[in-house]
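The next block holds one structure in the form of structure tokens; read it before the comments.
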Amino acid sequence: MFPQDPVSRAPQGDAFPPQGAAPSPTPSPLLANLNPEQLAAVTLPSGHALILAGAGSGKTRVLTTRIAWLLQNGLATPGGILAVTFTNKAAKEMVARLSAMLPVNVRGMWIGTFHGLCNRLLRAHHKAAGLPQAFQILDTQDQLSAIKRLCKQYNVDTERFVPKQLQYFIAGCKEEGMRPGDVPTHDSDARKKVEIYQLYEEQCQREGVVDFGELMLRSFELLRDNDPIRAHYQRRFAHILVDEFQDTNKLQYAWLKQLAGDEVAGHFEPQGSVMAVGDDDQSIYAFRGARVGNMQDFVREFDVERQIKLEQNYRSYSNILDSANALISHNSKRLGKNLRTEQGPGEPVRVYEAASDLQEAQWMVDEIRQLVRSDGVARQEVAILYRSNAQSRVIETALFNAAVPYRVYGGLRFFERAEIKHALAYLRLLENPQDDTSFLRVVNFPPRGIGARSLELLQDAANGAGCSLHDAVSTISGKAGSNLTAFVAQIDVLREQTQGQTLRAIIEQMLEASGLLEHYRAERDGQDRVENLEELVNAAESFVMLEGFGRDAVALPLDEHGEPLTQSPASQGLDLNAPLLDAPLSGPPGVDQDTGETLSPLGAFLTHAALEAGDNQAQAGQDAVQLMTVHASKGLEFDVVFIGGLEEGLCPHENALSEQGGIEEERRLMYVAITRARKRLYLSHSQTRMLHGQTRYAMKSRFFDELPESALKWITPKQSAFGRTAPFSEAASAYGTSARGQFGLNSERFASPPVPPQKLPAAHGLSAGKKVFHTKFGEGKVLAIEGTGDDARAQVSFARHGTKWLALAVAKLTLVD
DNA sequence: TTCGAACGTCTTTTT
DNA sequence: GACGTTCGAA
């Protein structure tokens, strides 16, 4: 199907820059239909390159075609390629596209996520990395509970040192590549945090577990500190390709440098060729350590000479694109890039001002039904995007009431569900009895009479002996001891019994022996959980079939039932039995490079579960409207896109205003959202919104002022100069509660004692600069007053709760002298 | 030990 | 408004 025509193996490596659209008389089918910039990127000669790929410019296509081109022209072997992405989804897509282009053994290639590849390295060299071969991976939940346990054990004041914040701190340190000894300690607070970090590290090491950050950091150190290992991989990976480079953090960049070359006399000397693909305008993960500056650093440190901009957009009509371009041009720190399209202007961008979030949602639903009915738009081609998850509820309700099928992305994922976590904890104890996090998770679940006091006793014994909870059980006597002994014995017996059995058999026996199934069967609302546990067996089954043991780097895409979405691997052109092209270090991940020992099927499955939390919930089939946060929408595209809640405080989010570079990141977020749309784009904002259980007023987002008026069409009914013709009561009455009714309710509450010192009459007695007291927010200062009568509202700045707009008819305000 | 009420919190999120 | 955590009572 893809003949490797020797004629097309012409020395295209020198074809840079290409002279025209057709580079050679017999163009390879691979290169057909690439535009000049794409072609240039795909056929770059060896050396380092930065590809600035705008939204919708065919980035993934360039990346995969580049790999295929390298292979086809004998410029690289599959084993010599390292391609790294951020998400499993992106990695899978790359593999799928690649195997559609070339009959290549993708198993031999290192294509995967940063964490997946790190895992592979650490399993292969676990001794050099100082880890047990069967080390387990802590996800975010596990990590937090490990930290809480540690705090308890060392009597850390969790008021001062909140576990969540400690987790954030530790993760942040690791992202910066800092071990406890590297963290600056200016004050006693910092010293304490570092001390906890140190203790946490010791605990993880003792238990043989590794968190996500550790996966990265440990494999970075492995490369840095082991010359032969580093040299091996540097020689091996002649071509390193990085997707979404703008999202890399400091540590990931340092990791890449280790693989790419060495520092010689203060100057970095790369060996292989690194191609970084990214878009600084789509950097939306600074909040979790991403460093756009890596792009500039890359250019400088690698002496990058080839920079190619992909600015041709194949996705959107020009009204949409012009809006995106205009918006992003307000950012100051940009590498500079402007998307263009050859498509016509298309529909104008429609803008709607709603009186309330309810009305906004209702409008979206009406509009969608209209689109589906009259314009024949497929529902799955419609996406509703929002800044924060909390916004989805109102929209879901409206869609549900109108019986419009929808699907929400970003809920709890399969391997994160409580019942699944419990089951996995049992399995992990079979693999590694030292795993205290798992031990504590299930020691009394289902309840078996082991309470806090017994565990305290056990914890003390374990601390004293410096051993795991599992091993400390034998030292406990009395009733507490017998319960614990029974639990440990049960686990140990199960481990014996399941030795050498299939994964399916192991899990089924565990589910019975642990009492998990029984427990959920007896529970009134436990049906879903029982089904999920049964699903776990299926997931394991297909894992074994499709992956082979330990081959976790890239899984075939599975649907919500764990079934492969595509046909069998063979029909995709993948050859599972093909010999690996390079011998010594190319085995499946999980093979010890010294002993050849492999990870057990169970160990491999647990790794898979930790690194790939599974798809989000299935929900309604194909023909459903897609709901997700803007973050989650990155990399996707839809015919019709709604972006709701474009209000000050929400987008840009109020928390971002105080952060360095916060506004610019919010603007990029909006840019990403806009560029998801192919044909139609709707923007909306609402005057009021329920947030944290109370109605808040909000001004429309400043980003509206940055969009080109010529591309927009305001479709709000009864639009007045300042956008308000008493819409508040209108909207409220449409949903059964009037503003007056709310007022009545509140005044009733107020009428009963204790009598407030001085209830403010609406819009009277207040002026900018006055001090007021709010029953919930405390003392604040009035910044501004707007409107009259029931519509009057005041902007008040509170010390603890920030600046808010309050409806005077509703808010419980009193004057303070 | 277990259950229910009260309390506090609440951007974004992949691995 | 909703969820998770904590605290007190049975």
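Lettering follows sequence order; numbering is per chain, from 1.
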N or O in side chain of Asn389(A) less than 4.0 angstrom from dT12(B) OP1/OP2: yes
Whole-Å distance between dG4(C) P and Lys164(A) NZ? 10 Å
In whole angstroms, the gap separating C1' of dT15(B) from CD1 of Ile137(A) amounts to 9 Å
So if I take every side-chain heavy atom of Glu666(A) and compare against dC3(C), dT2(B), dT11(B), which nucleotide ends up nearest? dT11(B)
The answer to which of Glu416(A) and Ser388(A) contacts DNA chain B further toward the 5' end, by nearest nucleotide, is Ser388(A)
What is the nucleic acid contact for Leu385(A), judged by heavy atoms within less than 4.0 Å: base, sugar-phosphate only, or nothing? nothing
Report the glycosidic orientation of dT11(B): syn if within 90° of 0, anti in every other case. syn
Residues in salt bridge (Lys or Arg N to Asp or Glu O under 4.0 Å) with Arg689(A), at least two apart? Glu360(A), Glu647(A)
Applying a 4.0 Å non-hydrogen cut-off, can you work out what Glu659(A) is touching in the nucleic acid: base, sugar-phosphate, or nothing? base
Assert: residue with more 5' nearest nucleotide on DNA chain B, out of Gly213(A) and Glu665(A), is Glu665(A)
Is there a donor and acceptor pair closer than 3.5 Å between the side chain of Thr629(A) and the base of dT11(B)? no
dT14(B) P sits how many Å from Phe114(A) CZ, rounded? 17 Å
Atom pair distance, as rounded to whole Å: NZ in Lys634(A) and P in dT15(B): 12 Å
Does Arg179(A) make a cation-pi contact with Tyr197(A) (under 6.0 Å, within 45 degrees of the axis)? no
Between Arg291(A) and Asp247(A), is there a side-chain N and carboxylate O pair less than 4.0 Å apart? no
What residues form a side chain to side chain contact (heavy atoms under 4.5 Å, CB included) with Phe287(A), not counting sequence neighbours? Tyr285(A), His631(A), Glu665(A)
What is the nucleic acid contact for Phe86(A), judged by heavy atoms within less than 4.0 Å: base, sugar-phosphate only, or nothing? sugar-phosphate
If you measure from the ring centre of His115(A) to the centre of the six-membered ring in the base of dT15(B), is it under 5.5 Å, with the planes under 30° apart? no
Heavy atoms under 4.0 Å, any strand shown: does Lys148(A) hit a base, just sugar-phosphate, or nothing? sugar-phosphate
Nearest whole angstrom, please: distance from the P of dT11(B) to the CG of Leu669(A). 15 Å
Among the candidates dT15(B), dT14(B), dT11(B), find the nucleotide nearest to the side-chain atoms of Arg288(A). dT14(B)
From dT15(B), dT2(B), dA2(C), nucleotide with atom closest to Leu611(A) side chain: dT15(B)
Checking dT13(B), dT11(B), dT15(B) against the side chain of His631(A) (C-beta onward), the nearest is dT13(B)
Heavy atoms only, 4.0 Å cut-off, all strands: where does Gly449(A) land among base, sugar-phosphate and nothing? sugar-phosphate
Among the nucleotides dT11(B), dT12(B), dT15(B), which one has an atom lying closest to any side-chain atom of Thr113(A)? dT15(B)
At under 4.0 Å between heavy atoms, what does Glu214(A) touch on the DNA or RNA strands: base, sugar-phosphate, or nothing? nothing
OP1, OP2 of dT14(B) versus side-chain N and O of Asn88(A): anything below 4.0 Å? no
Does dT12(B) have Phe287(A) stacked on its base, where the ring centres are within less than 5.5 Å and the planes differ by under 30°? yes
So which nucleotide from dT15(B), dA2(C), dT2(B) ends up closest to the side chain of Arg393(A)? dA2(C)
Is the shortest heavy-atom distance from the side chain of Glu416(A) to the side chain of Thr140(A) under 4.5 Å? no
Please state how far atom NZ in Lys92(A) lies from atom P in dT15(B), giving the value in whole angstrom units. 9 Å
Whole-Å distance separating the CZ atom of Arg218(A) from the P atom of dT15(B): 22 Å
Cationic tip of Arg441(A) within the cone over Phe439(A)'s six-membered ring, i.e. under 6.0 Å and within 45° of the normal? no
Rounded to the nearest angstrom, tell me the gap between atom CG in Asp211(A) and atom C1' in dT13(B). 16 Å
Looking only at side-chain atoms of Met690(A), point me to the closest of dG1(C), dT11(B), dT14(B). dG1(C)
Are there more than 12 heavy atoms of other residues, nucleotides or ligands under 6.0 Å from atom OH of Tyr154(A)? yes
